[in-house]
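Okay, so here's the structure we're looking at.
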Amino acid sequence: MSDQWIPPSQQRRGLDLAALGVPPGRYVHPDASEFLDFPGGSREGAARIDSYLHREIDLDALQAAEVEFVRQHFLKCAAEQRQKCITHFESKVPRRYSAAKPNDLATAWARSVIANPEETRSLLIVGPTGTGKTHYAYSVLRAIAEIGRPTGWAAYTAADLYAQLRPRTGRDSEATFESISGTDVLFVDDLGAAKLTEWTEEVTYRLINHRYEQCRPGIFTSNVPPGQLRDVLGERIASRLTEMCERVTLKGDDRRKGMAA
């Protein structure tokens with residue numbers, strides 16, 4: 001009875017992790033023979049656990065100690081998976097934002113993304129310079145990590161995004177575009193910070209339109225007042241953002257000036 005990987009498709013059809021009080025995830029099966037060393041363990045119980053893991057019997061057929069053995073195993077797996085997600089987040093984001101803490105709204109959005117990404121509207125975070133838009137956006141990504149379900153994400157400033165996608169000799173910019181546009185959750189910081197050229201406007205539209213058509217959630221920040229989005233970003237981009245995004249408006253003074261004073 002060796003460890004066995006649970007494919008996501010089988011996991012959804014088979015083991016009811018919710019009934020065990022375990023978050024959804026990709027977990028390894030417990031070794032049922034280890035139940036012999038568990039309080040209340042027995043060979044008969046180990047056999048029932050093995051049958052349950054092979055979906056030959058239902059959870060209701062297990063005795064209390066057997067259910068607890070299975071639950072503790074998967075809860076341990078879930079905790080390890082969650083920590084891996086958080087560690088990955090903290091290693092990939094700029095150091096300044098690695099400790100960003102999500103508020104209730106950020107956490108609720110993250111949960112919606114995990115549970116039903118295609119039905120979750122993107123976030124457009126707007127406000128004057130220095131009001132914490134970038135910090136807030138990274139806190140949303142942290143909220144996704146804290147849920148503990150592996151989810152692909154990518155984060156770019158608009159300037160870095162254009163640098164990645166700009167055609168150059170020896171690099172397939174279209175393949176790069178497909179990789180960026182297809183990620184589960186995409187964060188683009190500082191939309192409209194610089195005047196769009198014909199090329200950057202087209203790239204921005206293609207990216208946002210792809211996310212719109214494929215119902216993939218994203219996070220966008222901008223210093224541009226909502227009423228001026230069309231003038232700065234263009235009609236097509238502004239229209240897509242308006243339709244696909246929930247707006248989060250941050251207000252207040254420039255925090256960076258206060259820190260420098």
Side-chain angles (χ1 to χ4, degrees), residues 82-83 85-114 117 120-149 151-164 180 183-196 200 204 207-208 211-212 216-233 237-238 240-261:
R82 179 177 183 272
Q83 188 55 52
C85 290
I86 294 173
T87 300
H88 175 75
F89 166 82
E90 292 177 344
S91 69
K92 295 298 182 181
V93 306
R95 184 176 300 175
R96 182 175 298 277
Y97 305 112
S98 63
K101 299 298 183 184
N103 61 16
D104 290 344
L105 179 61
T107 300
W109 189 83
R111 287 174 177 165
S112 179
V113 166
I114 297 301
T120 302
R121 286 163 59 83
S122 296
L123 293 180
L124 175 60
I125 306 169
V126 297
T129 299
T131 51
K133 297 182 297 297
T134 304
H135 188 278
Y136 187 94
Y138 275 115
S139 80
V140 176
L141 291 179
R142 185 182 185 91
I144 293 174
E146 289 181 348
I147 291 172
R149 189 164 184 179
T151 302
W153 57 267
Y156 299 90
T157 65
D160 286 341
L161 177 68
Y162 300 143
Q164 286 287 323
I180 293 173
T183 193
D184 294 334
V185 179
L186 177 65
F187 166 36
V188 181
D189 195 23
D190 263 353
L191 275 179
K195 182 176 177 59
L196 292 184
T200 56
T204 304
L207 182 66
I208 291 176
R211 307 288 299 183
Y212 169 83
R216 293 185 178 274
I219 308 167
F220 307 95
T221 72
S222 182
N223 296 332
V224 180
Q228 299 177 24
L229 283 174
R230 281 175 168 76
D231 295 334
V232 175
L233 299 176
I237 297 171
R240 282 286 185 262
L241 287 173
T242 299
E243 185 172 353
M244 67 191 279
C245 293
E246 295 285 352
R247 187 187 306 166
V248 177
T249 302
L250 301 184
K251 301 178 181 180
D253 298 327
D254 188 338
R255 301 176 186 177
R256 300 189 189 104
K257 290 182 179 180
M259 293 171 63

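We're numbering straight along the sequence, starting at 1. Quick caveat, the model's predicted, so the values are computed rather than measured.
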_For R216, give me all partners under salt bridge (Lys or Arg N to Asp or Glu O under 4.0 Å), at least two apart in sequence or on another chain._
D184
*For R82, check side-chain contact (heavy atoms from CB on, under 4.5 Å) against everything at least two apart and list the hits.*
I86, E146
*Report yes or no: does S222 contribute a side-chain atom to a donor-acceptor pair with the main-chain N or O of F220 at less than 3.5 Å?*
no
*Would you say the side chain of R142 lies within less than 4.5 Å of the side chain of T107, judging by non-hydrogen atoms?*
no
*Any side-chain heavy-atom pair from L124 and L229 closer than 4.5 angstrom?*
yes
*asked:* For a 4.5 angstrom cut-off between non-hydrogen side-chain atoms, does R247 reach P226?
replied: yes
*Y138: partners by ring-ring contact (aromatic ring centres under 6.0 Å, His included), with sequence neighbours left out*: Y97, F187
*Please list, chain by chain and in numerical order, all residues satisfying side-chain contact (heavy atoms from CB on, under 4.5 Å) with Q228, sequence neighbours excluded.*
V224, P225
*Mark yes or no for whether K133, through its side chain, and P128, through its backbone, hold a donor-acceptor pair below 3.5 Å.*
yes
*Could you tell me whether the side chain of V140 reaches within less than 4.5 Å of the side chain of W153, counting heavy atoms only?*
no
*Side-chain donor-acceptor pair present, Y212, E243, cut-off under 3.5 Å*: yes
*Taking the side chain as every heavy atom from C-beta outward, state whether V248 and L105 have any pair of such atoms under 4.5 Å apart.*
yes
*Any side-chain heavy atom of V113 within less than 4.5 Å of one from I147?*
no
*Can you name the residues that form a salt bridge (Lys or Arg N to Asp or Glu O under 4.0 Å) with D160, not counting sequence neighbours?*
none
*From L141 CG over to L186 CG, what is the distance, rounded to the nearest 0.5 angstrom?*
9.5 Å
_List the residues meeting salt bridge (Lys or Arg N to Asp or Glu O under 4.0 Å) with R111, not counting sequence neighbours, and say none if there are none._
none
